[in-house]
Amino acid sequence: MENLKKDIEKILFDHNEIVAASKRVAKQIEEDYKDKEKEPVLVCTLKGALPFMAELMKHIDIHVVTDFMDVSSYHGGTSSSGTIKIKKDVGMDIEGRDVIIVEDIVDTGRTLKALIETLKARNVASVTCASLVDKPEARIVEVQADYIGVESPNEFLVGFGLDYEEKYRNLPYIGVLKKEIYS
Ligand code: PRP
């Protein structure tokens, strides 16, 4: 990955740290869900959470089922939390199920807050969120992931699913992009 690395100012979380964080979150999920009657549903939010979903699920040693959603959040001037547009919905009936949203990042919190509300309205048994990255300083609406991989300073991140103009998602680490790339 030496070619793409030329665009990176600094690496904040290398691949080993991400794998270790994913394992830690997987063990927490295992512990919290092992006694549930039905397998929890891991709902990966496309596209950013795909690499984290793939890493996380490999380390969960209880039965889980997987599904995918693609949403984008909108917020008008008067609404703080906004709503989400569902571009792709889950394929299975999640009523009565324990849902774990798998996110790459909680930034302003708008997407997660609106997604939790959307899923709760479908009469799920419970809904929690596992996010690879938490960026608490960027929060605009009050919401918190239940499982967090790493906590990041308020910088523009790329890699391991996080993009700039749809690029850099394939980096095996999370880093800060050089200013000259986006200015
Ligand atoms: C990103 C990310 C989160 C959201 C976080 O998704 O995957 O879902 O933004 O930001 P927020 O806390 O400010 O709402 P995005 O809509 O960019 O789609 P992507 O995953 O396809 O990149």
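- Other residues sharing the hydrophobic cluster of M1, ordered by chain and number and joined by side-chain separations under 4.5 Å: L4, I8, I11, F156, V158, Y164, Y168, L171, Y173, L177, I181, Y182.
- For the 3.5 Å distance criterion, the side chains of T128 and Y33 qualify, holding a donor opposite an acceptor.
- Annotation: side chain of V150 is not in contact with side chain of I18 (no heavy-atom distance under 4.5 Å).
- Atom NZ of K38 has 12 or fewer neighbouring heavy atoms from other residues, nucleotides or ligands inside a 6.0 Å radius.
- Residues V19 and M57 do not share a hydrophobic cluster, clusters being chains of Ile/Leu/Val/Met/Phe/Trp/Tyr side chains in contact below 4.5 Å.
- With E117 contributing its side chain and A114 its backbone, the two residues share no donor-acceptor pair below 3.5 Å.
- Few gaps surround NZ on K88; more than 12 heavy atoms of other groups in view lie less than 6.0 Å from it.
- Under a hydrophobic clustering in which Ile, Leu, Val, Met, Phe, Trp and Tyr are joined whenever their side-chain heavy atoms come within less than 4.5 Å, directly or via other members, V124 and L115 fall into the same cluster.
- Taking both residues in full, the closest heavy atoms of K135 and N154 are given as CD-OD1, 3.4 Å, listed atom of the first, atom of the second, then distance.
- Using a cut-off of 4.0 Å between Lys/Arg side-chain N and Asp/Glu carboxylate O, R169 and D163 are scored as salt-bridged.
- The shortest distance between side-chain heavy atoms of V106 and V133 does not fall below 4.5 Å.
- Side-chain N or O atoms of K23 include none that pairs as donor or acceptor with a backbone N or O of H59 at under 3.5 Å.
- Considering OG of S73 and CZ of R110, their distance stands at 7.0 Å, rounded to 0.5 Å.
- Follow the hydrophobic side-chain contacts under 4.5 Å out from I29 and you never reach F68; the two are in separate clusters.
- Taking CD1 of I101 as the start and CG of L112 as the end, the distance is 5.5 Å to the nearest 0.5 Å.
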Run the side chain to side chain contact (heavy atoms under 4.5 Å, CB included) check on D98 and V41 step by step: do they pass? CA-CA 6 Å; D98 295 297; V41 186; over 6 Å; no
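- The shortest side-chain heavy-atom distance between T45 and F52 does not fall under the 4.5 Å cut-off.
- With respect to D89 and R122, a salt bridge is recorded, a charged nitrogen being found less than 4.0 Å from a carboxylate O.
- One distance of note links CG of D107 with OG of S131; it measures 9.5 Å at 0.5 Å rounding.
- For the pair D104 and G48, the tightest heavy-atom approach, listed with the atom from each and the gap, is OD2-CA, 3.2 Å.
- S152 places a side-chain heavy atom less than 4.5 Å from the side chain of L157.
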Output, in order, the C-alpha distance, side-chain angles, deciding distance and verdict of side chain to side chain contact (heavy atoms under 4.5 Å, CB included) for T111 and V71. CA-CA 8 Å; T111 307; V71 301; 3.9 Å; yes
Passes side chain to side chain contact (heavy atoms under 4.5 Å, CB included), I100 versus C129? Steps please. CA-CA 5 Å; I100 305 170; C129 174; over 6 Å; no
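- K113 contributes atom NZ, which lies 13.5 Å from atom OG1 of T83 (distance to the nearest 0.5 angstrom).
- Between L56 and A130 the shortest heavy-atom distance is CD2-CB, 4.4 Å.
- Side-chain contact between V141 and T108 is absent, with no heavy atoms from C-beta onward closer than 4.5 Å.
- Heavy atoms of other residues, nucleotides or ligands lying less than 6.0 angstrom from NZ of K85 number 12 at most.
- In this view, E30 and K27 satisfy the salt bridge (charged side-chain N to carboxylate O under 4.0 Å, His left out) rule, not counting sequence neighbours.
- The line from CE of M53 to OG1 of T66 is 5.0 Å long, rounded to the nearest 0.5 Å.
- For residues 142-153, there are no salt bridge (charged side-chain N to carboxylate O under 4.0 Å, His left out) pairs, not counting sequence neighbours.
- Residues Y147 and L50 fall into different hydrophobic clusters, defined by Ile, Leu, Val, Met, Phe, Trp and Tyr side chains chained together at heavy-atom separations under 4.5 Å.
- Checked options V65, I60, D67; the residue passing with L42 is I60 (criterion: side-chain contact (heavy atoms from CB on, under 4.5 Å)).
- Expressed to the nearest 0.5 Å, how far CZ of R24 lies from CD1 of I148 amounts to 9.0 Å.
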Take V90 and V43, measure what side chain to side chain contact (heavy atoms under 4.5 Å, CB included) needs, and give me the verdict at the end. CA-CA 8 Å; V90 286; V43 174; 3.9 Å; yes
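- Side chains of E95 and N123 form a contact here, defined as non-hydrogen atoms less than 4.5 Å apart.
- A donor-acceptor pair under 3.5 Å links the side-chain atoms of R97 to the main chain of E39, judged by distance alone.
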R139 and D134: salt bridge (Lys or Arg N to Asp or Glu O under 4.0 Å), yes or no, with the steps? CA-CA 9 Å; R139 202 75 91 250; D134 186 24; 2.7 Å; yes
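- Inter-residue side-chain proximity for I86 and M69 is flagged as met; some heavy-atom pair is nearer than 4.5 Å.
- No single ILVMFWY cluster, assembled from side-chain heavy atoms under 4.5 Å apart, contains both F160 and L46.
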